Amino acid sequence: MYILVTRTRPDRVRLRELDADGAPTGPAGTGTDVTLSDAAFAVHARAREDGGVRWVWEDTAEIYPLLLRARLRVQRCHDLRLCHAILRNSALTGASALANAPAGRWDAPAAVPRPETAGSTLFDMDLGGAAEAGGETQDEDARTEFLAQLAAVAASAEPGRLRLLLAAESVGALIAAEMQFAGLPWRSAIHDTLLTAELGPRAATGQRPARLEALAVRIRNELGDQTVNPDSPPELLRALNRAGVQVTTTRAWELEKLSHPVIEPLLRYKKLARLQSANGWYWMETWIVDDRFHPEYLPGGVVTGRWATRGGGALQLPRQIRGAVVADPGWRFVVADAAQLEPRILAALSADTAMASAGRGTDLYAGIVASGVVETRAHAKVAMLGAMYGATSGESGRLLPRLARAYPRALALTESAARAGERGDIVSTRLGRSSPRPGPDWQDEQARGSEDGAGSAAQRRARSQAGDWGRFTRNFIVQGTAAEWALCWMAEIRKGLWALSSAAAPESGAARSAPGPFASVPHLVFFLHDEVIVHTPAALADDVARIVGEAAATAGRLLFGDFPVDFPLTCVVVDSYADAK
DNA sequence: CGAGCCCGCGCG
DNA sequence: AAAGCGCGCGGGCTCG
C-alpha cells in the first residue's frame with residue numbers, strides 16, 4: 001500500500017492512497033484522497049503508519065520534518081527525486097521511457113535549502129501562485145512519475161537489485177532527516193575548553209588568540225620579515241624563499257621535510273590556524289544549538305551514491321575536537337566503523353575468493369601479509385589503495401603486480417572498470433547505480449587527440465584526461481558499492497533499533513534526551529561513509545552494539561548473497577567520541 | 001563590493 | 001605531482 005503525498009499549497013498536503021500498481025484506490029473526497037493542513041497531516045499519518053504503508057513523496061527533506069516535529073517517525077518511504085536520479089542514469093533501465101524522456105523537473109536538483117523553522121521560502125512562493133489547480137497538477141505529475149519509476153524497475157534486467165537500491169536510498173533519506181533533526185550531542189563548554197587550551201583565550205573578532213599570535217611573531221622573526229602574513233600562501237612562499245628556504249609550495253607535508261628554524265613554529269601555526277578557522281568559536285556559535293550539531297545531510301549528493309553534507313563541515317570533524325562529542329547523562333555512544341570496507345567490497349564484487357578469505361576473521365591487510373603477498377601491513381594497505389584508486393608509480397605502483405598475481409579476479413575487475421572509463425563508457429555498482437558519462441569537453445578533447453594530424457600536446461592532454469576518467473570509473477564501482485552496503489547497514493540498524501525500543505518501551509529507565517520521537521530511544525546521530533554513531537540509553541548499549549554487528553552481516557548478504565565475505569566492525573561503547581579509536 | 005578561482009587541509 | 005578516488009570549507013586573491 002502506497003500513500004502519495006504532495007504539497008498543494010504552502011500549508012496544505014494532499015494524500016492519495018494508491019494500490020500496488022500505483023492506481024488510486026478511491027475517488028477524490030473519500031478517505032483515500034484527502035487534502036489536509038500540515039498539522040492535520042501529522043495526525044492522519046500517525047493513524048496510517050501502523051498499516052504498513054510506504055509513503056511516496058517528492059523530497060523527504062521537505063516533508064518528513066513536518067512529521068518529526070510532531071514526534072512521528074515512519075518506517076518506509078519512496079523518495080521520488082532520489083529514485084528518479086538513479087533510474088535516469090542506470091544502465092539497467094537504459095531502455096525505459098523514464099531514461100529516454102527529455103529532462104524535466106524531476107531532473108532538477110532539490111528545492112531550496114530547507115530551514116528548520118517554518119516560513120515562507122522561494123519554493124513556497126512559487127507554488128503559491130499555482131493555487132488549488134496547481135496542487136491537482138502537481139499530484140498527477142507525481143503519480144505519473146511514480147508509475148514511470150515502477151515500470152522502469154519492472155522492465156529492467158535486475159528488478160530485485162534496483163528495488164533494493166531504491167528502498168535503501170529512500171530509507172537513507174529518512175535517516176538523514178532524522179539525524180539532522182536529532183543532532184549530534186556536542187558540549188559547547190568542552191569545545192571552548194579545548195580551543196582555549198590550544199589557542200589561548202578567545203580574542204576579539206579579527207584578532208588572533210594569544211598562542212596563535214605568538215607563533216606569528218616567531219615566524220616573522222625567523223624569516224626576518226615583520227610584515228609577512230602566514231595565512232597568505234603567496235606571501236609566505238616569497239618570504240621563505242628570501243630567507244633561503246628552497247621550497248615551491250607551502251604545504252605542510254613539503255615543509256616537514258626541511259630543517260630551518262622557521263619550520264617548527266610555522267607547522268604549529270598552520271595546525272592551530274586551521275583549528276581556529278574551521279572549527280573555532282565562530283563555528284561553534286554558528287552550528288551548535290542547544291548542545292547539538294545539526295548538519296544537513298544530502299543523500300545521493302555524490303554521484304557514487306555517497307552522501308554529501310551542507311553546512312558545518314560534517315564530513316571533516318577533526319580528531320582534535322571530538323572530545324566535545326559527549327553522550328547525555330545516562331546515555332552512551334555506540335561508535336562503529338566497517339574495517340577495510342572498500343577492499344572487502346572489491347573482493348565480493350569480483351567474487352575473488354582468495355581476497356575474501358584473506359579477510360576472514362582478521363584484519364584484511366594482515367591477512368594479505370599472512371598469505372605472503374607482501375611483507376608488511378603498510379605495504380598491503382598502500383597496494384590495495386593503489387589498485388582501487390589507480391596508482392601508477394611510487395611504492396604502490398611497484399607493489400601492484402604482486403597483488404595482481406595473488407588476486408587476479410579483483411585486479412581484473414578494477415582494470416576493466418578503468419578501461420571502460422578511458423573509452424568514455426559507463427560502469428555500474430552492484431545494485432545498479434551507474435556512473436555519469438564524461439562531459440562534452442572530455443569528448444571534444446578525445447576527438448582532438450585522435451585526429452590524424454593531432455600534435456603531441458593534444459595527444460598527451462587526451463591521454464591524461466582519459467586516464468583521469470578511468471581512475472574515476474575504477475573507483476566508482478568500489479566506492480559506489482561500498483555506499484550501497486553502508487545504506488543497507490544503516491537501514492538494518494534503524495530497523496533493529498526500532499524493534500529494540502518497541503520491546504524495551506516505554507521506559508528504559510533513561511532520562512529523556514532530545515525532543516522529538518527519539519527522546520528516550522536509541523537512535524543514529526552520525527554517519528560518515530563507513531562509520532556510524534548511535535546515541536542510546538546506557539542500559540541498552542550492549543543490545544545496540546549487537547544490532548549494529550548483525551546489521552553489517554545482513555547488509556553483506558543483501559548485496560552479495562552467499563558469497564563468503566566478512567564485514568567485521570570495530571565497535572565500541574563510549575561516553576565521548578574522542579575515546580573511539 | 002560580490003562572484004568565483006586557487007590553495008591548503010580536514011575527513012573517509 | 002604526496003602516488004591514486006571522493007568530498008566541504010575558509011582564506012587570499014583576481015576580476016568585473
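What you see is a predicted model, and the numbers here were worked out from it, not measured in a lab. Order of the sequence lines sets the chain letters (A, B, ...), proteins ahead of strands, with each chain counted from 1.
- Contact check, A/S232 against C/dG11: no side-chain N or O comes under 4.0 Å of OP1 or OP2.
- Nearest nucleotide to the A/Y389 side chain, out of C/dC7, B/dC11, C/dC5: C/dC5.
- Under a 4.0 Å N-O distance rule, the pair A/E422/A/R463 does not qualify as a salt bridge.
- Atom CG in A/L341 sits about 19 Å away from atom P in B/dC11, given to the nearest Å.
- Not one side-chain nitrogen or oxygen of A/K270 sits closer than 4.0 Å to the OP1 or OP2 atom of B/dG8.
- Atom CG of A/D468 and atom C1' of C/dA1 are 12 Å apart (whole Å).
- Among the protein residues, A/G386 comes within range of the nucleic acid bases, having at least one heavy atom under 4.0 Å from a base atom.
- Of the residues listed (A/V573, A/L497, A/V335), the one engaging A/V534 in a side-chain contact (heavy atoms from CB on, under 4.5 Å) is A/L497, and it is the only one.
- Within 4.0 Å (heavy atoms only), A/L317 reaches sugar-phosphate atoms of the nucleic acid but no base atom.
- The aromatic ring of A/W253 sits over the base of C/dA2, with ring centres less than 5.5 Å apart and planes tilted by under 30°.
- Between A/L315 atom CG and B/dG10 atom P the separation is 15 Å, expressed in whole Å.
- Between B/dG8 and A/T250, a contact under 4.0 Å exists linking OP1 or OP2 to a side-chain N or O.
- Comparing B/dG12, B/dC11, C/dA3 by their nearest atom to the side chain of A/Q316 picks out B/dC11.
- Checked against a 6.0 Å centroid threshold, the rings of A/W283 and A/H191 count as neighbours.
- In terms of position on DNA chain C, the residue among A/D231 and A/A308 whose nearest nucleotide sits closer to the 5' end is A/A308.
- Considering only side-chain N and O atoms, A/R251 lies under 4.0 angstrom from the phosphate OP1 or OP2 of B/dG8.
- Separating the CD1 atom in A/I547 from the CD1 atom in A/I493 is a distance of 9.0 Å, to the nearest 0.5 Å.
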Steps toward side-chain contact (heavy atoms from CB on, under 4.5 Å) verdict (A/K271, A/Q320):
CA-CA 10 Å; A/K271 198 81 182 164; A/Q320 278 171 302; 4.3 Å; yes
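- Residues A/A278 and A/A391 each lie close to DNA chain C; by heavy-atom proximity, the contact nearer the 5' end of the strand is made by A/A391.
- For A/K257 and C/dA2, the shortest distance from a side-chain N or O to OP1 or OP2 is not below 4.0 Å.
- The phosphate of C/dC5 (OP1 or OP2) has a side-chain N or O of A/R471 nearer than 4.0 angstrom.
- Among the protein residues, A/G301 comes within range of no part of the nucleic acid, since none of its heavy atoms lies under 4.0 Å from any strand.
- In this structure, A/Y269 places its OH atom 13 Å from P of B/dC9, rounding to the nearest Å.
- Between A/N475 and C/dG4 there is no side-chain polar atom (N or O) within less than 4.0 angstrom of OP1 or OP2.
- Regarding A/E342, its CD atom lies at a distance of 12 Å from the P atom of C/dG6, rounded to whole Å.
- Between A/L236 atom CG and C/dG11 atom P there is a gap of 17 Å when expressed in whole angstrom units.
- C/dG4 is unpaired under the Watson-Crick or G-U wobble criterion, no partner having all donor-acceptor distances under 3.5 Å.
- A/A252 comes within 4.0 angstrom of the backbone, heavy atoms only, and of no base.
- The side chain of A/E254 has C/dA2 as its nearest neighbour among B/dG12, B/dG8, C/dA2.
- For A/H529, whose side chain is taken as the heavy atoms from C-beta onward, the closest listed nucleotide among B/dG8, C/dG8, C/dG6 is C/dG6.
- Nucleotides C/dG4 and B/dA3, compared at atom P, are 35 Å apart to the nearest Å.
- Taking atom C1' on both nucleotides, C/dA1 is separated from B/dC7 by 15 Å, rounded to a whole Å.
- We find that CD of A/E235 is positioned 14 Å from C1' of B/dC7, with the value rounded to whole Å.
- With 3.5 Å as the limit, one finds no donor-acceptor pair spanning the side chains of A/S170 and A/D79.
- Whole-Å rounding puts the A/W287 CH2 to B/dG10 P distance at 21 Å.
- Residue contacts for A/V382: at a heavy-atom cut-off of 4.0 Å it reaches a base atom on one of the strands shown.
- Looking only at side-chain heavy atoms (C-beta outward), A/Y577 and A/V525 stay at 4.5 Å or farther from each other.
- If you check every strand for non-hydrogen atoms under 4.0 Å, A/R322 touches sugar and phosphate atoms only.
- Contact between the side-chain N/O atoms of A/R319 and the OP1/OP2 oxygens of B/dG12 is found at a separation under 4.0 Å.
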